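Notes follow once the structure below has been shown.
Just so it is clear, the structure is predicted and the values come from calculations on it, not from any experiment. Numbers restart at 1 for each chain; the letters A, B, ... are given by sequence-line order, proteins then strands. Computed over heavy atoms, backbone and side chain alike; hydrogens, waters and symmetry mates excluded.
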2 protein chains.
Amino acid sequence: MTSKENPVIGREGSQPKGVARRREILDRAIDVFRERGADGTSLRRIAEAIGISHAALLHYFDSREQLLVAVYAHAEAQRSAPDSRTGVDSILDAAVINVEVPGLVQLYSTLLAASLESRSEVGKTYFSERFDRLRAELTEDLERGQDAGRIRTDVPADHLAALIIAASDGLQIQWLLEPSIGLESTLRTFAELLLPPADGDRAGG
Amino acid sequence: MTSKENPVIGREGSQPKGVARRREILDRAIDVFRERGADGTSLRRIAEAIGISHAALLHYFDSREQLLVAVYAHAEAQRSAPDSRTGVDSILDAAVINVEVPGLVQLYSTLLAASLESRSEVGKTYFSERFDRLRAELTEDLERGQDAGRIRTDVPADHLAALIIAASDGLQIQWLLEPSIGLESTLRTFAELLLPPADGDRAGG
DNA sequence: GTCTATACTTTGATAGAC
DNA sequence: GTCTATCAAAGTATAGAC
């Protein structure tokens with residue numbers, strides 16, 4: 001169930017009852033964003049879709065931003081459950097899967113932009129830690145790839161990690177605005193850039 | 001002055017008087033965003049900083065989004081005036097310059113995220129055209145580089161163009177959240193990935 | 001602990017007076 | 001062209017029922 005380290009993000013008091021109800025709310029809220037993105041999703045609309053008052057929502061989440069971050073974290077945790085590998089491919093695969101649910105990409109982009117604002121505390125913390133974690137995992141994976149000869153060694157792995165995440169994020173947005181760019185093929189091209197220069201013409205598996 | 005094709009974006013009626021006043025407003029508004037980003041920048045705050053009412057602002061721009069897009073377009077047009085080259089380096093240099101003004105990166109990210117929403121018409125149009133233009137310019141430049149032997153030819157130039165823009169956008173955000181990642185050095189690493197595989201060890205200028 | 005009702009404040013937007 | 005007045009919607013906060 002991958003609930004060992006799920007970022008709960010809500011209020012502190014983690015009584016079993018509250019946690020269960022919070023999960024219910026998040027599950028319903030995710031559906032709202034799947035359909036409508038972060039667009040018409042005011043607290044009152046979300047609450048209405050769930051069947052409670054908007055004030056009740058704020059009983060579980062201190063602010064709208066906290067709720068939205070929790071929704072995105074919850075959705076992402078669900079998605080990363082199946083494979084849970086930390087490789088380069090998982091990032092690129094995730095990008096292709098993400099754009100199938102424009103509402104979540106939109107939610108991600110909106111929250112990320114908001115996290116840059118000075119007042120954003122929850123968002124800034126969440127995305128800082130998320131990027132730190134993703135970069136660390138990817139760097140490790142790339143270094144293993146370098147040791148195994150699958151990744152070129154003339155460039156630092158941590159740079160590549162940051163670039164892969166950045167390119168993935170940026171391309172998803174470009175694709176939503178112009179689907180003809182070919183998200184998957186473009187990302188595969190990026191993966192080719194990571195290969196070590198072929199000495200002869202030997203292609204690895 | 002690079003005013004031949006400046007995206008004016010405001011109202012249609014382009015009387016000289018209105019245009020001049022609109023420029024005044026944009027110039028003042030840019031300063032507001034430089035200081036405060038898209039954060040505390042309601043129409044009323046911007047109007048107050050300019051010295052008019054918020055309703056007067058809406059006389060020149062049909063909506064808040066239209067004003068903000070115009071502000072960003074105006075700021076970007078100012079910045080791209082000095083060099084106006086269309087190369088890969090200009091994109092990467094622009095990224096380094098951009099993060100020195102966090103408010104503008106924040107404004108860019110906010111507007112871009114908003115442009116993904118269904119209701120956004122001005123934003124969607126602006127960013128779609130902007131990405132189309134940037135990708136086309138970059139692709140051309142990369143193809144010239146491929147012909148000149150400066151860029152590797154085993155990957156399509158249009159893919160590289162989209163990736164460079166995406167990585168630049170994404171990295172600026174990562175850097176704002178975690179400056180230790182080294183924006184400039186990481187982008188230089190990306191530039192290295194574009195080089196043709198060295199046959200011997202000959203380094204080109 | 002959970003939730004409704006309600007009120008407060010800010011915001012984008014519109015209408016009409018000067 | 002600019003203002004004041006006004007509106008509806010939204011985020012937030014509090015009081016109190018159960």
Side-chain angles (χ1 to χ4, degrees), chain A residues 8 10-26 28-29 32-33 36-71 107 110-111 113-115 117-123, chain B residues 10-26 28-29 32-33 36-71 107 110-111 114-115 117-123:
Chain A
V8 173
R11 276 258 171 71
E12 294 90 71
S14 289
Q15 260 69 8
K17 180 71 177 303
V19 172
R21 185 75 178 110
R22 195 161 15 218
R23 269 193 67 106
E24 262 183 65
I25 291 176
L26 290 180
R28 286 289 299 118
V32 178
F33 283 95
R36 305 196 285 230
D39 200 349
T41 52
S42 65
L43 284 180
R44 284 171 175 82
R45 271 185 201 267
I46 299 172
E48 183 188 17
I50 295 177
I52 58 179
S53 71
H54 71 281
L57 269 184
L58 292 177
H59 177 72
Y60 296 95
F61 304 92
D62 290 333
S63 68
R64 178 177 186 264
E65 189 192 23
Q66 192 180 74
L67 167 63
L68 265 50
V69 169
V71 167
L107 175 61
T110 302
L111 288 175
S115 78
E117 320 224 337
S118 52
R119 287 182 301 197
S120 164
E121 193 52 51
V122 257
Chain B
R11 276 259 171 71
E12 294 89 71
S14 290
Q15 260 70 8
K17 180 74 177 304
V19 171
R21 184 79 177 105
R22 190 155 26 210
R23 270 193 66 107
E24 261 183 65
I25 290 176
L26 290 180
R28 287 287 301 115
V32 178
F33 283 95
R36 306 196 287 229
D39 198 351
T41 52
S42 65
L43 286 180
R44 284 173 175 80
R45 273 185 201 267
I46 299 171
E48 182 190 17
I50 295 177
I52 58 179
S53 71
H54 73 282
L57 266 185
L58 292 175
H59 176 72
Y60 294 95
F61 304 91
D62 291 333
S63 67
R64 178 177 186 264
E65 188 193 22
Q66 193 180 74
L67 166 63
L68 266 51
V69 169
V71 166
L107 175 61
T110 302
L111 288 175
S115 78
E117 319 225 337
S118 52
R119 287 182 300 198
S120 164
E121 195 51 52
V122 257

Requested in this report: Let me know which of B/T41, B/V32, B/L107 forms a side-chain contact (heavy atoms from CB on, under 4.5 Å) with B/V71.
Outcome: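 Running side-chain contact (heavy atoms from CB on, under 4.5 Å) over B/T41, B/V32, B/L107 with B/V71 returns exactly one hit, B/L107.
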**Report entry** B/R21, nearest nucleotide to its side chain (from D/dT2, C/dT4, D/dT12)
**Finding:** D/dT2
Query - Donor-acceptor contact present, side-chain A/R28 to main-chain A/A49, <3.5 Å - result: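 Indeed, once roles are kept as given, a pair shorter than 3.5 Å links the two residues.
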Taking atom [atom2] of [N] as reference, at what distance in whole Å does atom [atom1] of [X] sit?
X: B/E117; N: C/dG12; atom1: CD; atom2: C1'; value: 15 Å
X: B/R64; N: C/dT14; atom1: CZ; atom2: C1'; value: 18 Å
X: A/L58; N: C/dC8; atom1: CG; atom2: C1'; value: 14 Å
X: B/Q66; N: C/dG12; atom1: CD; atom2: P; value: 15 Å
X: A/L57; N: D/dT12; atom1: CG; atom2: P; value: 11 Å
X: A/F61; N: D/dG11; atom1: CZ; atom2: P; value: 15 Å
X: B/H54; N: D/dC3; atom1: NE2; atom2: P; value: 11 Å

Report task. Evaluate the side-chain proximity of A/L58 to A/L67: yes if any heavy-atom separation is below 4.5 Å, no if none is. Result -> no
Query raised in the report: Looking at side-chain heavy atoms only, is the closest gap between B/T110 and A/E117 below 4.5 Å?
Result: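 A side-chain contact exists here, since the closest heavy-atom pair is under 4.5 Å.
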Requested in this report: Begin from the C-alpha positions of A/I25 and A/F61 and carry the test side chain to side chain contact (heavy atoms under 4.5 Å, CB included) through to its verdict.
Outcome: CA-CA 10 Å; A/I25 291 176; A/F61 304 92; 4.2 Å; yes
Requested in this report: Please assess A/R45 against A/E48 for the test salt bridge (Lys or Arg N to Asp or Glu O under 4.0 Å), listing each intermediate value before the final yes or no.
Outcome: CA-CA 5 Å; A/R45 271 185 201 267; A/E48 183 188 17; 5.8 Å; no
Requested in this report: Ignoring backbone atoms, establish whether A/Y60 has a side-chain N or O less than 4.0 Å from OP1 or OP2 of C/dG1.
Outcome: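 It does not, given that no N or O in the side chain of A/Y60 lies less than 4.0 Å from OP1 or OP2 of C/dG1.
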Query raised in the report: Taking only N and O in the side chain of B/H59, is any of them less than 4.0 Å away from OP1 or OP2 of D/dT2?
Result: no
Report task. Using a cut-off of strictly less than 4.0 Å between a heavy atom of the residue and any atom of DNA chain C, enumerate the qualifying residues of residues 41-51 of chain B by number. Result ->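 Contacting residues: B/S42, B/L43, B/R44.
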